[in-house]
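Please read the structure below before turning to the comments.
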Amino acid sequence: MTPSPLRDADATPLARKLAARLAAGGPLSVHDYMEACLYDPEYGYYRTKAAIGQGGDFITAPEISQVFGELIGLWAGEVWRQMGEPAPVRLVELGPGRGTLMADALRALKVVPGFLAGATIHLVETSKALQEAQRAALGEAPVRMSWHDDLKDVPDGPAILIANEFFDCLPVEQFVFDAAASWRERMVELEGGAFRFAVGPVVKTPQGLDCAAANEIEDGAVFERRPAVGGIIDAFAARSPFAALIIDYGYFRPSFGDTVQAVRAHRFAGLFDAPGESDVTAHVNFLQLKQAAADAKLEAFGPMPLGEWLLRLGLEARVTQLSGRASQNEADEMRSRVARLVDPAQMGALFKVLVLTNGVSAPPPPF
Ligand code: SAH
């Protein structure tokens with residue numbers, strides 16, 4: 001047997017596979033390392049694990065409160081009206097997790113006359129295990145559903161798309177600024193039997209930073225962008241009428257810093273600790289999304305802080321309505337969960353909402 005190039009005898013199967021790849025081919029970009037951690041066909045996190053919820057690795061807004069998905073359902077109903085109530089209409093979700101958001105949205109959409117009768121639901125999901133969870137969560141819903149590995153497989157036609165914590169999963173390229181006023185791509189190399197960061201050859205100014213003045217950027221600054229964004233936004237723009245609701249954690253001003261994070265069992269883990277075993281994501285560069293939307297001639301609204309968006313959509317009224325039917329304890333619990341979504345010190349400010357539309361006559365609520 002060939003000796004493993006890794007020092008750690010308990011390394012994960014993906015660590016061994018990556019080490020063999022590095023030993024043979026030299027350093028990998030951070031992008032390719034992250035891509036392997038998430039999408040390696042055998043061991044990638046979104047192929048094998050993707051454990052969402054209290055007992056898993058991370059928790060998301062729809063798992064915190066049903067009100068989140070319900071308000072999104074009502075939002076979709078309103079946008080459908082603004083589109084002129086096309087039928088059929090495709091309600092598409094990118095990365096639907098355990099199916100909770102869609103189940104809550106469809107329940108709320110029952111009050112929108114005509115919507116469910118004319119809608120087909122399309123769930124775009126890479127994880128087979130999560131596809132199963134989605135089937136279980138949505139089995140009873142009175143509407144036609146199909147699953148797809150890729151957005152390109154969703155049939156043409158008017159569409160409303162939802163992407164909650166989807167873009168953060170897409171691998172980022174990282175570029176490091178050095179004192180010689182040049183950018184280098186950040187890489188991962190194998191040294192002494194362990195993974196570590198390295199810098200690659202000089203590259204031209206990364207796209208999206210073309211107008212930033214070099215003398216304002218500090219030595220060692222890290223800039224992140226996602227190469228997959230342009231293709232996804234172009235796929236949006238191929239549809240009309242169309243609206244996409246993008247919710248994620250991230251930043252809007254040009255911003256520097258390494259935001260790639262590995263999370264396992266609700267705690268931060270080292271990026272190189274156990275590849276394939278933890279969720280690896282990075283904050284979303286909303287400016288990049290908006291630039292891609294402008295290039296594709298889409299209309300853009302936001303980003304707006306999630307807390308503000310939920311309050312302006314009528315979160316309080318819905319909570320009051322649900323509280324009326326609940327015990328005191330249940331009502332208190334619901335209020336504390338909703339506060340987590342809205343409070344700027346928790347998810348209310350870091351999470352942002354960006355809406356992109358094509359061929360829709362009015363701004364989507366509450367913009
Ligand atoms: N929206 C859900 C889940 C967020 S986690 C929620 O809010 O709870 C990210 C989701 O995107 C998971 O379902 C993951 O399996 C899926 N996913 C990640 N990368 C994907 C890709 N490239 N294509 C489709 N689905 C993807």
Side-chain angles (χ1 to χ4, degrees), residues 31-32 34-41 43-73 76 91-106 121-138 146-154 161-172 226-233 235-236 244-250 260-264 266 276-284 306 310 337 340-341 347 350-354:
H31 174 274
D32 291 356
M34 185 170 167
E35 183 168 61
C37 287
L38 297 178
Y39 304 112
D40 179 84
Y43 309 119
Y45 183 79
Y46 289 122
R47 302 274 181 211
T48 58
K49 302 228 163 25
I52 304 168
Q54 218 69 53
D57 293 315
F58 61 98
I59 188 123
T60 55
E63 304 293 335
I64 292 172
S65 172
Q66 70 182 73
V67 179
F68 183 78
E70 290 172 351
L71 286 178
I72 290 177
L91 182 59
V92 184
E93 188 173 359
L94 295 180
R98 303 207 313 191
T100 309
L101 190 165
M102 186 57 85
D104 293 337
L106 291 177
I121 311 300
H122 301 270
L123 299 130
V124 181
E125 173 60 62
T126 39
S127 154
K128 292 288 175 235
L130 285 178
Q131 284 194 8
E132 283 314 309
Q134 291 153 19
R135 273 182 234 279
L138 296 166
S146 44
W147 275 263
H148 313 271
D149 290 331
D150 201 293
L151 177 61
K152 292 192 193 73
D153 305 329
V154 175
L161 181 143
I162 300 161
N164 184 55
E165 290 207 42
F166 170 77
F167 280 90
D168 64 78
C169 304
L170 302 176
V172 289
R226 292 182 162 79
V229 161
I232 295 173
I233 302 283
F236 291 177
L245 173 66
I246 299 167
I247 305 178
D248 226 310
Y249 51 95
V260 175
Q261 60 187 37
V263 169
R264 190 178 179 190
H266 304 275
E277 301 288 324
S278 40
D279 185 31
V280 180
T281 60
H283 287 215
V284 170
L306 175 63
L310 290 171
R337 285 168 171 260
R340 191 167 162 191
L341 303 180
M347 294 168 74
L350 175 62
F351 280 72
K352 297 176 177 62
V353 180
L354 175 68

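Predicted model, so just to flag it, every value in this text is computed and none were measured. Counting starts at 1 for both ligands and their atoms, in listed order.
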Exercise. Any non-hydrogen atom of Ile52 lying under 4.0 Å from ligand 1?
Worked result: yes
Exercise. What's the spacing between Trp147 CH2 and Ile121 CD1 if we round to 0.5 Å?
Worked result: 9.5 Å
Exercise. To the nearest 0.1 Å, how far is atom 26 (C) of ligand 1 from its closest protein heavy atom, and which atom is that?
Worked result: Thr126 OG1, 3.3 Å
For this session: Return yes when Leu94 approaches ligand 1 closer than 4.0 angstrom through a heavy atom, no otherwise.
Result: no
Exercise. Relative to ligand 1, is Thr60 under 4.0 angstrom through side chain, backbone, both or neither, heavy atoms considered?
Worked result: side chain
Exercise. Out of Met102, Glu125, Glu165, whose heavy atom is nearest to atom 9 (C) of ligand 1?
Worked result: Glu165
For this session: List the steps, then state whether salt bridge (Lys or Arg N to Asp or Glu O under 4.0 Å) holds for Asp149 with Lys128.
Result: CA-CA 9 Å; Asp149 290 331; Lys128 292 288 175 235; 3.4 Å; yes
For this session: Check whether any N or O atom of Gly97, backbone or side chain, sits under 3.5 Å from an N or O atom of ligand 1, and answer yes or no.
Result: yes
Exercise. When rounded to the nearest 0.5 angstrom, what is the spacing between CD1 in Ile246 and CG in Asn164?
Worked result: 11.0 Å
Seminar exercise, completed: Within 4.0 Å of some non-hydrogen atom of Val124, the atoms of ligand 1 are 24 (C), 25 (N)
Problem set entry | Heavy-atom side-chain proximity of His122 to Asp153 below 4.5 angstrom | no
For this session: Among all protein heavy atoms, pick the one closest to atom 2 (C) of ligand 1 and tell me residue, atom and distance.
Result: Gly95 O, 3.3 Å
Exercise. Between Tyr46 and ligand 1, does any nitrogen or oxygen pair lie at a separation below 3.5 Å?
Worked result: no
Exercise. Should you measure from each heavy atom of Pro62, which atoms of ligand 1 turn up under 4.0 Å away?
Worked result: 6 (C), 7 (O), 8 (O)
For this session: Please report the C-alpha distance between Gln134 and Glu125 in whole Å, then the side-chain angles of each, then the deciding distance to 0.1 Å, and finally whether the side-chain contact (heavy atoms from CB on, under 4.5 Å) criterion is met.
Result: CA-CA 10 Å; Gln134 291 153 19; Glu125 173 60 62; 3.1 Å; yes
Problem set entry | Derivation of the side-chain contact (heavy atoms from CB on, under 4.5 Å) call for Leu161 and Leu151 | CA-CA 10 Å; Leu161 181 143; Leu151 177 61; 3.9 Å; yes
Exercise. Does Asn164 approach ligand 1 within less than 4.0 angstrom via side chain, backbone, both or neither, non-hydrogen atoms only?
Worked result: both
For this session: With side-chain contact (heavy atoms from CB on, under 4.5 Å) as the test, would you mind laying out the steps for Leu106 and Leu91 before giving the verdict?
Result: CA-CA 10 Å; Leu106 291 177; Leu91 182 59; 4.2 Å; yes
Exercise. In ligand 1, which numbered atoms sit nearer than 4.0 Å to a non-hydrogen atom of Phe166?
Worked result: 20 (C), 21 (C), 23 (N), 24 (C), 25 (N), 26 (C)
For this session: Flag Gln134 as yes when one of its N or O atoms lies below 3.5 Å from any N or O atom of ligand 1, and as no otherwise.
Result: no
For this session: May I ask you to identify, for Asp150, whether its side chain, its backbone, both or neither come under 4.0 Å of ligand 1 on a heavy-atom basis?
Result: neither
For this session: Number the atoms of ligand 1 from 1 as they appear, then name those within less than 4.0 Å of a heavy atom of Leu130, with their elements.
Result: 12 (C), 13 (O), 15 (O)
Problem set entry | Side chain to side chain, Asp104 and Phe68, heavy atoms closer than 4.5 Å | no
Problem set entry | Contact with ligand 1 for Cys169, non-hydrogen, under 4.0 angstrom | yes
For this session: Using side-chain hydrogen bond (donor to acceptor under 3.5 Å, both in side chains) as the criterion, point out the one residue from Asp279, Asp57, Thr281 that pairs with Tyr45.
Result: Asp57
Seminar exercise, completed: The reported gap from CD in Gln54 to CD in Glu63 (rounded to nearest 0.5 angstrom) is 9.5 Å
Problem set entry | Best match, Tyr39, Phe68, Phe167, Phe58: closest heavy atom to atom 22 (N) of ligand 1 | Tyr39
